[in-house]
*Asks:* 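Mind looking over this structure? Questions follow.
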Amino acid sequence: MKLRSRESEKTVILDITGKLMGGADADEFRDIVHKLIEDGKKNIIVNLSGVRWMNSTGMGILITGYTTLRRNKGDLKLLNVSNKIQSILYVTKLNLIFECFDDEEKAVASYR
Amino acid sequence: MKLRSRESEKTVILDITGKLMGGADADEFRDIVHKLIEDGKKNIIVNLSGVRWMNSTGMGILITGYTTLRRNKGDLKLLNVSNKIQSILYVTKLNLIFECFDDEEKAVASYR
Amino acid sequence: MNETIIMQFPSSYQWLNMIDLICGEVTSEMGFSHSALNEISISVIEACTNALEHGNKSVEGTLVSVIFHRKQDQMVVEVFDSGEGFDYEDYLQHIPDPSDIHHQRGRGIYIMKAMMDSLIFEKLPDRGMKVTLIKNVDDVE
Amino acid sequence: MNETIIMQFPSSYQWLNMIDLICGEVTSEMGFSHSALNEISISVIEACTNALEHGNKSVEGTLVSVIFHRKQDQMVVEVFDSGEGFDYEDYLQHIPDPSDIHHQRGRGIYIMKAMMDSLIFEKLPDRGMKVTLIKNVDDVE
Ligand SMILES: Nc1ncnc2c1ncn2[C@@H]1O[C@H](COP(=O)(O)OP(=O)(O)O)[C@@H](O)[C@H]1O
Ligand SMILES: Nc1ncnc2c1ncn2[C@@H]1O[C@H](COP(=O)(O)OP(=O)(O)O)[C@@H](O)[C@H]1O
């Protein structure tokens with residue numbers, strides 16, 4: 001997993017590329033979410049345009065990020081979800097949990 | 001191998017996609033070249049933008065097309081050669097035989 | 001037609017991307033539709049994740065094996081590890097709700113069951129698990 | 001680190017694209033540069049083409065095996081077929097000029113030799129050929 005963080009209005013966009021599937025990725029993602037919350041940044045968009053596929057472990061990493069942020073009155077929304085990731089969201093009904101966007105502007109606007 | 005043929009000015013552009021590596025591909029390509037020569041169409045551009053890689057058998061198919069066309073006062077030039085195909089051309093010195101282009105307009109213009 | 005493809009790789013996450021690529025290639029060469037292809041690939045990745053993580057416990061030197069073959073009307077994928085196995089009969093009776101966000105893990109087997117037509121767990125006679133994933137041909141375009 | 005990847009596929013051209021994908025993934029995971037990666041992939045494809053075509057003569061039921069491993073400073077790829085082999089010692093003395101356009105074929109071994117640091121042919125004790133392709137680590141970025 002490679003992770004780049006940038007800000008737009010009051011939201012933080014995390015651009016993830018490569019693999020999101022467990023091992024070190026879980027710790028790294030959790031640490032970043034905690035750091036953002038400490039800094040008072042709780043409106044998160046995870047941009048998955050650079051992630052072709054993910055396993056359920058990777059999905060679990062996002063879920064933990066989501067619940068942590070929600071507990072802190074924030075949110076975690078998904079941007080540019082591939083077909084494969086969408087299939088996982090649907091089959092697990094996690095599509096009802098995660099708000100998903102194809103358009104970055106709309107994702108940012110949803111936090112206004 | 002999938003092959004689409006189109007014309008631009010006095011040249012025929014063969015758009016190849018997929019695999020070019022022997023078996024049925026050799027017969028199919030030879031037949032098309034013979035048909036084009038019969039029809040008096042001898043200025044050929046092979047567009048390889050849809051071919052990520054090729055083996056030496058595929059290269060042999062292009063060479064046979066080239067020699068057949070040259071014998072009939074025509075030519076076969078290459079367009080949009082991938083890095084891998086370029087490596088094969090260089091190591092075999094066939095880059096000295098095949099004229100290669102990155103720009104379709106320039107390839108067509110070279111036959112004027 | 002003999003269409004058996006065999007693959008063996010070390011128990012490390014880094015090879016799962018290769019498995020995804022191979023699944024895509026094998027299933028499309030065997031004539032599966034794009035959506036079946038995605039489901040097969042996702043499920044095989046889940047089975048391989050479990051094999052390397054729970055089965056082989058990521059121990060250096062252990063291998064995961066994957067066999068793909070087309071059997072008349074079915075695509076069959078077998079995933080092998082060399083671990084101690086688990087009580088899958090009990091687990092299959094109590095698969096947790098995958099939409100429960102209070103659990104970080106525990107969705108792999110649910111996903112495989114939902115996406116495949118058949119999912120079979122077997123303990124190997126000596127040591128290790130074999131997971132068989134089957135997708136029927138009516139998903140073939 | 002145990003980084004052995006094993007692959008087995010039927011003697012048909014249709015699987016060469018998969019070999020290309022695997023080569024790309026294995027060599028980049030093992031840390032090779034992009035140009036070394038291209039050379040390894042091209043050469044392994046040539047060895048597999050020969051194995052399925054000249055070795056196994058595309059006979060149904062025959063398999064080509066490929067083993068990738070990193071050995072200290074080298075990437076080693078072994079390609080096996082189950083054919084009758086050929087007189088490679090003689091052939092290696094008389095490799096034809098690859099730029100001679102009067103020959104359609106006969107460039108595979110030239111390309112492998114040019115792109116790899118070492119190319120070793122062996123007749124297997126029972127039946128079949130083993131071709132070993134080695135790329136040195138000084139090409140690693
Ligand atoms: N190959 C295996 N070997 C041993 N245990 C396994 C294997 N596959 C699955 N399991 C057990 O089944 C449980 C559920 O697996 P799964 O649904 O994929 O979720 P997760 O891997 O996230 O825990 C695992 O936690 C593990 O205990
Ligand atoms: N694995 C093999 N088994 C049997 N013969 C082989 C094998 N590899 C190569 N050869 C022989 O070596 C010759 C040269 O191979 P190569 O340089 O790859 O060119 P080509 O395959 O186009 O003929 C082949 O024509 C074949 O006779």
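These numbers come from the heavy atoms of this one structure, side chains and all, not from hydrogens, waters or symmetry mates. Chain A is the first sequence line, chain B the second, and so forth, proteins listed ahead of strands; every chain is numbered from 1.
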*Asks:* Taking the side chain as every heavy atom from C-beta outward, state whether D:Ile5 and C:Pro10 have any pair of such atoms under 4.5 Å apart.
*Replies:*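 In short, these two side chains touch, coming nearer than 4.5 Å.
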*Asks:* When rounded to the nearest 0.5 angstrom, what distance separates CD in C:Glu29 from OG in D:Ser12?
*Replies:*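 Answer for the CD-OG pair, C:Glu29 versus D:Ser12, is 7.5 Å.
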*Asks:* Can you check side-chain contact (heavy atoms from CB on, under 4.5 Å) on C:Thr4 and D:Gln8, steps first, answer last?
*Replies:* CA-CA 8 Å; C:Thr4 299; D:Gln8 216 169 30; over 6 Å; no
*Asks:* For chain D, which residues from residues 18-26 of chain C lie under 4.5 Å away (heavy-atom distances)?
*Replies:*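 The stretch touches chain D at C:Met18, C:Leu21, C:Ile22, C:Glu25, C:Val26.
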*Asks:* In this structure, are over 12 heavy atoms from other groups packed under 6.0 Å from C:Glu122 atom CD?
*Replies:*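 Enclosed: over 12 neighbouring heavy atoms sit under 6.0 Å from CD of C:Glu122.
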*Asks:* Hey, is CD on C:Gln74 packed in by over 12 heavy atoms from elsewhere, all under 6.0 Å?
*Replies:*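 More than 12 heavy atoms, drawn from other residues, nucleotides or ligands, come within 6.0 Å of this atom.
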*Asks:* Can you tell if the side chain of D:Glu3 reaches within under 4.5 Å of the side chain of C:Gln14, non-hydrogen atoms only?
*Replies:*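 Yes, their side chains come closer than 4.5 Å.
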